[in-house]
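The next block holds one structure in the form of structure tokens; read it before the comments.
Predicted model only: the values in this text are computed from it and were never measured. Basis for what follows: all heavy atoms, side chains included, without hydrogens, waters or symmetry-related copies.
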Amino acid sequence: WVPAYQIAVWEHALTAQGHTNRKLAEQLATTFREKRLASQELFPETETVLSELRSMYKLGILTNGAPDLQRQKIERSGLAHYFDAIVVSGEVGVGKPDPLVFNTVLEQLAVPAHTTLMVGDSLERDMVGASQVGLQGVWINRQGQPHDQHYAALIHAQIASLDELYKIL
């Protein structure tokens, strides 16, 4: 459903600018998808950290979004083999921060929440959701952004890059 949605968004944007052109909307949606995938880059430490952690821990991915788009991104990243569970919210029917998607990952990994870290970059989705099911939330804050104090109790630890996980583990 993502391609149809993206075309509709481009049609709406074009119409708002006084242009009604379905063909152009289709071209823009295609170009956007291609450029987005081509510009996807891994952070430098990602593969090293995942490889090392994989030898000691079960790893999972929990991502919000449409299954086709998210699965394509994961496949293109070349990281899928590091993970024991990959859960896409669109396949579950609800997204983060809903506890159901977090519990789905825990069930697939067969691990208890109290021994599990959730590493995520979204306070609203990752840290809130992790807290609701008893996970320890690790906020990856690459830009050093400040946060509202009401999130402080939800953050077990804050890191700027994945290689800082070693000091937490």
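To the nearest 0.5 angstrom, Thr63 atom OG1 is 6.0 Å from Ile74 atom CD1. Atom OG of Ser77 sits about 11.0 Å away from atom CG of Leu37, to the nearest 0.5 Å. Separation of atoms OG1 (Thr46) and CD (Glu41) is listed at 11.0 Å; rounding is to 0.5 Å. Between Asp121 atom CG and Ile159 atom CD1 the span is 10.5 Å, to the nearest 0.5 Å. Atoms CG and OG, on Asp126 and Ser131 in that order, are 12.5 Å from each other to the nearest 0.5 Å.
Here the closest heavy-atom approach between residue Pro97 and residue Gln132 is recorded as O-OE1, 3.1 Å. The heavy-atom pair separating Pro67 from Gly90 by the smallest distance is CG-C, 3.7 Å. Between Met127 and Val138, the shortest heavy-atom distance links the atoms CE-O, 3.4 Å. When every heavy atom of Ser89 is checked against every heavy atom of Gly95, the shortest pair comes out as CB-CA, 3.5 Å.
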With a 3.5 Å cut-off and sequence neighbours excluded, list the donor-acceptor pairs that the side chains of residues 80-87 form with protein atoms.
unit_1: His81; atom_1: ND1; unit_2: Gly78; atom_2: O; d: 3.2
unit_1: Tyr82; atom_1: OH; unit_2: Glu47; atom_2: OE1; d: 3.2
unit_1: Asp84; atom_1: OD1; unit_2: Arg54; atom_2: NH1; d: 2.7
unit_1: Asp84; atom_1: OD1; unit_2: Arg54; atom_2: NH2; d: 3.3
unit_1: Asp84; atom_1: OD2; unit_2: Arg54; atom_2: NH1; d: 3.0
unit_1: Asp84; atom_1: OD2; unit_2: Leu59; atom_2: N; d: 2.9

Atom pairs and distances, side-chain donor-acceptor, residues 109-116, under 3.5 Å, sequence neighbours left out:
unit_1: Thr115; atom_1: OG1; unit_2: Pro112; atom_2: O; d: 3.0
unit_1: Thr116; atom_1: OG1; unit_2: Pro112; atom_2: O; d: 2.7

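With sequence neighbours excluded, the residues satisfying ring-ring contact (aromatic ring centres under 6.0 Å, His included) with His147 are Trp139. Every residue two or more places apart in sequence or in another chain that forms a salt bridge (Lys or Arg N to Asp or Glu O under 4.0 Å) with Arg142 is listed here: Glu45.
Side-chain contact between Leu28 and Leu14 is present, with heavy atoms from C-beta onward closer than 4.5 Å. The shortest distance between side-chain heavy atoms of Phe102 and Val105 does not fall below 4.5 Å. At a threshold of 4.5 Å between non-hydrogen side-chain atoms, the residues Leu69 and Arg36 count as touching.
Within a 6.0 Å radius of CD in Glu75, no more than 12 heavy atoms belonging to other residues, nucleotides or ligands are found. Residue-environment remark: CZ (Arg125) stays at or below the threshold of 12 foreign heavy atoms within 6.0 Å.
Among residues at least two apart or in separate chains, side-chain hydrogen bond (donor to acceptor under 3.5 Å, both in side chains) pairs with a member in residues 152-169 are Glu52-Tyr166, Gln136-His156, Ser161-Asp163, Glu164-Lys167. Pairs passing the ring-ring contact (aromatic ring centres under 6.0 Å, His included) check and including a residue from residues 9-29, sequence neighbours excluded, do not occur.
Asp148 places no side-chain N or O within 3.5 Å of a backbone atom of Tyr151 that could act as its donor or acceptor partner. Under the 3.5 Å distance criterion, the side-chain polar atoms of Asp98 are matched with a main-chain donor or acceptor of Leu100. Of the possible polar contacts, one joining the Gln70 side chain to the Asn64 backbone as a donor-acceptor pair under 3.5 Å is found.
Side-chain heavy atoms closer than 4.5 Å link hydrophobic residues (I, L, V, M, F, W, Y) into clusters, and following such links, possibly through other members, connects Leu106 to Val101. Under a hydrophobic clustering in which Ile, Leu, Val, Met, Phe, Trp and Tyr are joined whenever their side-chain heavy atoms come within less than 4.5 Å, directly or via other members, Leu165 and Ile61 fall into the same cluster. In the hydrophobic clustering of ILVMFWY residues, with side-chain heavy atoms under 4.5 Å counting as a link, Val49 and Leu62 come out apart. Note: the hydrophobic cluster containing Leu162 also contains Leu42 (ILVMFWY, side chain heavy atoms under 4.5 Å, direct or indirect links). Hydrophobic cluster membership is shared by Leu79 and Leu53, with clusters built from Ile, Leu, Val, Met, Phe, Trp and Tyr side chains linked at under 4.5 angstrom.
Looking at Gln40 and Arg76, their side chains never bring a donor and an acceptor atom within 3.5 Å of each other.
A salt bridge does not link Lys96 with Glu124: none of the charged nitrogens is closer than 4.0 Å to a carboxylate oxygen.
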* To do: Apply side-chain contact (heavy atoms from CB on, under 4.5 Å) to Val128 and Leu154, showing your working.
  => CA-CA 7 Å; Val128 169; Leu154 306 178; 3.7 Å; yes
